[in-house]
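Report on the following structure.
Proteins come first, then strands; the chains are lettered A, B, ... in the order of their sequence lines, and each starts at number 1.
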Amino acid sequence: MLKNIEKNMTKEQRLKKRYRAEKRFKMYGLISVSLAVIFVLILVQNIFSKGSSAFSRTMIEVEVNYDSSLLELDSPINQNSLKDADFYDLAVESLLKIYPAKDSKEERQILRLFSPDYEFEIKDFLIKNPNKIDQVVPVKITASDDIDQLNKGNFPRDLPEDRRRVSNYQLNIYDNLVEKEKINKKFNNYLFTKGDSRDPELAGIGGSLMGSFFTIIICLILSFPIAIMASIYLEEFAPKNKITDFIEININNLAAVPSIVYGLLGLGILLSVMEFPRSTPLVAGITLSLMTLPRIIIPCRASLKAVPPSIREAALSVGASKFQTVFHHVVPLAMPGTLSGTIIGLAQALGETAPLILIGMVAFVVDIPSSPVDPSASLPVQVYLWSEQAERGFVEKTSATIMMLLGFLIVMNFIAVYLRQKFEKKWN
Amino acid sequence: MNSLIAGVILILCLSSYFFGRSEARKLVTQNIKLKALPAYYGYYLSLWCGLPALIIFGCWSLFEPTIIKVLILNNFPQIESKDLFYEQTLSFFNGNFSGEITNEIKAASIKYSSINIIAQNSKIVIIAAALIGSLTFAYRKIQKNNKARDDVEIILKVLLFTSSLVAILTTVGIIVSLLFESLKFFSTINIFEFIFGTSWSPQRAFVRDASAITPEELLELQDAFGSVPLFAGTAFIALIAMCVAVPIGLFSGIYLAEYASTKVRKYSKPIIEILAGIPTVVYGFFAALTVGPFFRTLGESLGLTVSSESALAAGLIMGVMIIPYISSLSDDVINSVPQSLREGSYAVGATKSETIKKVVIPAALPGIIGSILLAVSRAIGETMIVVMAAGLAANLTINPLESTTTITTQIVMILVGDQEFDSPKTQAAFALGLTLFIATLILNYIALRVVKKYREKYD
């Protein structure tokens, strides 16, 4: 049938048809490339638009009356006695003055405008400025998550009251405070200095940043020397025999094993047999180094292989031993390639989540870890943990964490590309 | 303590290097012809100083806790929950125990402190002995003017070889840890029930000790671990992903290899490869918070019921993640098709697209199939996207708008948080892991074989 139609067409018509097919085919390719590129842009735009607001924090300015009689101090007022003092009564008294309240229910609503840490923020202010005691001072206190989101405009105000997290009464106070210019934004340093928290306005990535840092350092210490030594052996010294073949097959297979299997390995061997401490960067680093090892060995071998044989022959011909040839000439020449391969491998390890979940890094850790054997989270795990939270405030926190993570990855990849382009010799 | 020992060993290593070198130089001043450069005598001494001591130190630190534990628990055969007891003893010993202190705990912690002292002392003695022994041995050799370079190179070669064995050790570790738990699982649950059963509800096995399971309970549990829904869900989501990734990836690869100008190629190739560098948890977040709800509202406006954890959202995003794997690999294989084939085709009057369709693609087909197989194995093993965007309930369905679950999701769901190690539920995760490992291994093996065959054809 089709054949018949084609036969009935003139030569010109057929040619036109073929050119149309040609154009269509090219168009498919162009559309595919554009789709992929557009998707990258959508993803980045989506993350940035959600996350950029997390870098600021809403503060409410409150006139705090530092009335020393409310502190019930036994000893004279100094830094230490202030640190031990209970600021709750003082704080509540000052906070309730921002708006008239009819009953205790409304008083509770006023307090809920502030983050649960208001007591400590008021205390910290006085410890920093001890001369303000018995004075009335304006203090900026972190607003609660709901007010924060309201102020950032992420909050639909026109919903009926029972479907809103902020009551009409609280909205009135908010509007009143805005009118008096008591509500302002400042840079959110909590995002970088605090550990995890159940309250979005107090949650930060300080802990997971340190966790990721320790994990990557351990991963680097373990995987880089072993990977380089293994690739030198395989590329330069290994005899062609069954053992070498077996090692090579193993490396190629390991590079393609799904990451979650390495998590099972960490759980089954490191945690349950060798009894390493759970949820720690130490175990995470070891697990990830086993995972990145083959992924580093492959580019390392490629860059060793790229060093031309003439270099080796020249060194050997002036009397260098095989080892001297390799370590004095081949390895230094291959260094840019091996380093950039290592950095790319580490960048992959930095973004890896699944194995860390299995070795228990999903624990809720408030404290910032100070060593690799402290329980901690890591950046990608923090993304996973916060994305499961229902509060609106965690969405922007999660996006901000992703921005940080992507930032690190971009920097690492940039360094890798730079190393390769700047220092790698091109052999022709 | 441990860091002190390690520090002493390292300092000794460093100083023995300089010592060995200066000894060798002394020999030179006595007009003895050295058999290697002086520095090699330093390396030789330093290696002999450090290696034996560090190996002993490493092994000791690794096995000490386990051996002490066994030694102590042997004294208390009447204790039932041995692990808990030992943990309590340790925390009592460290002074942060907040529970009921029994006489056994007190006795055990006394025992622990005495064993600990013995262990510490003997560790120091043995390491010191190893240091002195190996140093004297090496020093004598140097004095005899041995072939230090050859000896150093042999030691280094052994070191290089050992580090390449880590790959084998990792594989063995994976297989052992997966098999060990899986075999325990298959000793309680029939393997055929696992492979062919159609109902997956591991929560029924929750808080049950494997050793305490009565035969009736076992019978009841048999059909809780049918993993067909998981296999089907995994395959289904992977299929959706491939439906997205194969056309886009393949056409991108063709376009970049055959049509794109150098400038377009220079900018668009790295951008597409960004997709491969983005952590999967980011895709998961995007799929769960943006794409899933978007499909849901879209479906609602069309009058369809779309689950917010639909297989479609997870599969679609997974497909996007896989695009670069297919596009770069197929770009590579298309580029390696010899130019002469294309020119032959142009010479008989074929247009560019006809050449690509009739000549280039058939020639590159094995490589393309290999890249697709690799992509499938990646889709099957992908975890975070499905954990965050796909469902948790095992659902045997072929409706992309409903939620399904996958092997990797279930592994994570079972193992997240606290888990008791001897329950069939935990072991089931390892059995699933083993299945996943075998499936990806087979796919990778075939793919690498196909690609390799293809490379040989044109290289």
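Note: A/Leu358 CG to B/Leu415 CG = 5.5 Å, rounded to the nearest 0.5 Å. Expressed to the nearest 0.5 Å, how far OG of A/Ser399 lies from CG of B/Leu289 amounts to 8.0 Å. The distance from the OH atom of B/Tyr259 to the OH atom of A/Tyr28 is 12.0 Å, given to the nearest 0.5 Å. For the atom pair A/Ile410 CD1 and B/Ile274 CD1, the distance stands at 7.0 Å (nearest 0.5 Å). Interatomic distance, A/Tyr233 OH to B/Leu156 CG, rounded to the nearest 0.5 Å: 13.5 Å. B/Leu169 contributes atom CG, which lies 9.5 Å from atom CG of A/Leu290 (distance to the nearest 0.5 angstrom).
When A/Asn413, A/Thr398, A/Leu35 are compared by the number of non-hydrogen pairs under 4.5 Å with chain B, A/Thr398 comes out ahead. Top candidate by heavy-atom pairs under 4.5 Å with chain A, chosen from B/Ile323, B/Val282, B/Leu434, is B/Val282. With chain A as partner, the option from B/Thr162, B/Thr440, B/Thr408, B/Thr351 having the largest number of non-hydrogen pairs under 4.5 angstrom is B/Thr351. Chosen from A/Asn46, A/Leu234, A/Ile31, A/Asn252, the residue pairing most often with chain B at heavy-atom distances under 4.5 Å is A/Asn46. Per-residue heavy-atom pair counts under 4.5 Å with chain B were compared for A/Ile297, A/Thr401, A/Ile269, and the maximum is reached by A/Ile269. Ranked by heavy-atom pairs under 4.5 Å with chain B, the list A/Ile232, A/Ile42, A/Val40, A/Leu254 is led by A/Leu254. Each of A/Ile247, A/Ile251, A/Ile359, A/Val395 has some count of heavy-atom pairs under 4.5 Å with chain B, and the biggest count is that of A/Ile247. With respect to chain A, the highest number of heavy-atom pairs below 4.5 Å among B/Ser327, B/Pro279, B/Ser163 belongs to B/Ser163. Per-residue counts of heavy-atom pairs under 4.5 Å with chain A were compared for B/Leu250, B/Val320, B/Ile272; the largest is that of B/Val320.
Residues B/Glu181 and A/Leu264 are not in side-chain contact: their nearest non-hydrogen atoms beyond the backbone lie 4.5 Å or more apart. With a 4.5 Å cut-off on side-chain heavy atoms, B/Ser164 and A/Met229 do not count as touching. In this structure, the side chains of A/Ile243 and B/Phe161 come closer than 4.5 Å at one or more pairs of heavy atoms. Contact annotation: the side chain of A/Leu43 approaches that of B/Tyr283 to within less than 4.5 Å [non-hydrogen atoms, C-beta and beyond]. Here the side chains of B/Thr170 and A/Pro294 are not in contact, with every heavy-atom distance at 4.5 Å or above. Within the 4.5 Å cutoff, side-chain heavy atoms of B/Phe285 are placed close to those of A/Ile47. Counting only heavy atoms from C-beta outward, the side chains of A/Lys322 and B/Glu153 never approach each other to under 4.5 Å. Contact of the B/Ile411 side chain with the A/Ile260 side chain is registered, since non-hydrogen atoms from C-beta on lie closer than 4.5 Å.
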Verify side-chain contact (heavy atoms from CB on, under 4.5 Å) between B/Thr290 and A/Lys50, making sure each step is shown before the conclusion. CA-CA 11 Å; B/Thr290 308; A/Lys50 274 185 188 154; 2.9 Å; yes
Assess the residue pair B/Phe286 and A/Phe39 against the criterion (ring-ring contact (aromatic ring centres under 6.0 Å, His included)); give the C-alpha distance rounded to whole Å, side-chain angles, the decisive distance to 0.1 Å, and a yes or no. CA-CA 11 Å; B/Phe286 185 65; A/Phe39 187 83; 5.7 Å; yes
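Nearest approach of B/Ser252 to A/Val33, heavy atoms of both residues: OG-N, 3.6 Å. Of all non-hydrogen atoms in A/Ala36 and B/Leu275, the two that sit nearest each other are O-CD1, 4.1 Å. Of all heavy-atom pairs spanning A/Leu265 and B/Gly173, the tightest one is CD1-C, 3.3 Å. Taking each heavy atom of A/Ser32 and B/Pro247 in turn, the nearest pair found is OG-O, 4.1 Å.
Within 6.0 Å of NZ on B/Lys147 lie no more than 12 heavy atoms contributed by other residues, nucleotides or ligands. Sparse packing is recorded around CZ of A/Phe246, with 12 or fewer heavy atoms of other residues, nucleotides or ligands lying under 6.0 Å away. Heavy atoms from other residues, nucleotides or ligands lying under 6.0 Å from OH of B/Tyr445 number 12 at most. Atom CZ of B/Phe180 is surrounded by 12 or fewer heavy atoms from other residues, nucleotides or ligands within 6.0 Å. Within 6.0 Å of atom NZ in B/Lys352, more than 12 heavy atoms from other residues, nucleotides or ligands are found, so the atom counts as buried in its surroundings.
Interface remark: B/Met321 contributes no atoms to any contact with chain A (heavy atom separation under 4.5 Å). Proximity to chain A (any heavy atom under 4.5 Å) is restricted, for B/Tyr40, to the side chain, taken from C-beta onward. Looking at B/Thr171, the atoms closer than 4.5 Å to chain A (heavy atoms on both sides) sit in the backbone and in the side chain alike. In this structure, the portions of B/Lys157 lying under 4.5 Å from any heavy atom of chain A include both its backbone and its side chain. At a 4.5 Å heavy-atom cutoff, B/Leu432 makes no contact with chain A through either its backbone or its side chain. Looking at B/Pro65, there are no atoms closer than 4.5 Å to chain A (heavy atoms on both sides), in backbone or side chain. For B/Val387, the part lying near chain A is the side chain, with the backbone staying farther off; criterion is any non-hydrogen pair under 4.5 Å. With a 4.5 angstrom heavy-atom cutoff, B/Ile174 touches chain A via backbone and side-chain atoms both. Looking at A/Val273, there are no atoms closer than 4.5 Å to chain B (heavy atoms on both sides), in backbone or side chain. If you measure heavy-atom distances from B/Ile168 to chain A, the contacts under 4.5 Å come from both the backbone and the side chain. In this structure, the portion of B/Ile356 lying under 4.5 Å from any heavy atom of chain A is its side chain and not its backbone. If you measure heavy-atom distances from A/Ile402 to chain B, the contacts under 4.5 Å come from the side chain alone. Only the side chain of A/Leu405 comes within contact range of chain B, with at least one heavy atom under 4.5 Å from a heavy atom of that chain. When heavy atoms are compared at a cutoff of 4.5 Å, A/Leu409 approaches chain B solely by way of its side chain, counted from C-beta outward.
Residue-level contacts of residues 377-384 of chain B with chain A, in order of numbering, are B/Gly381, B/Thr383, B/Met384; threshold 4.5 Å between heavy atoms.
Judged by distance alone, the side chains of A/Lys23 and B/Ser353 never bring a donor and an acceptor atom under 3.5 Å apart.
Listed for the A/Gln348 side chain is no donor-acceptor partner under 3.5 Å among the backbone atoms of B/Gly277.
Between A/Phe25 and B/Phe251, the distance separating the two ring centers is shorter than 6.0 angstrom.
With sequence neighbours excluded, the residues satisfying salt bridge (charged side-chain N to carboxylate O under 4.0 Å, His left out) with A/Arg18 are B/Glu354.
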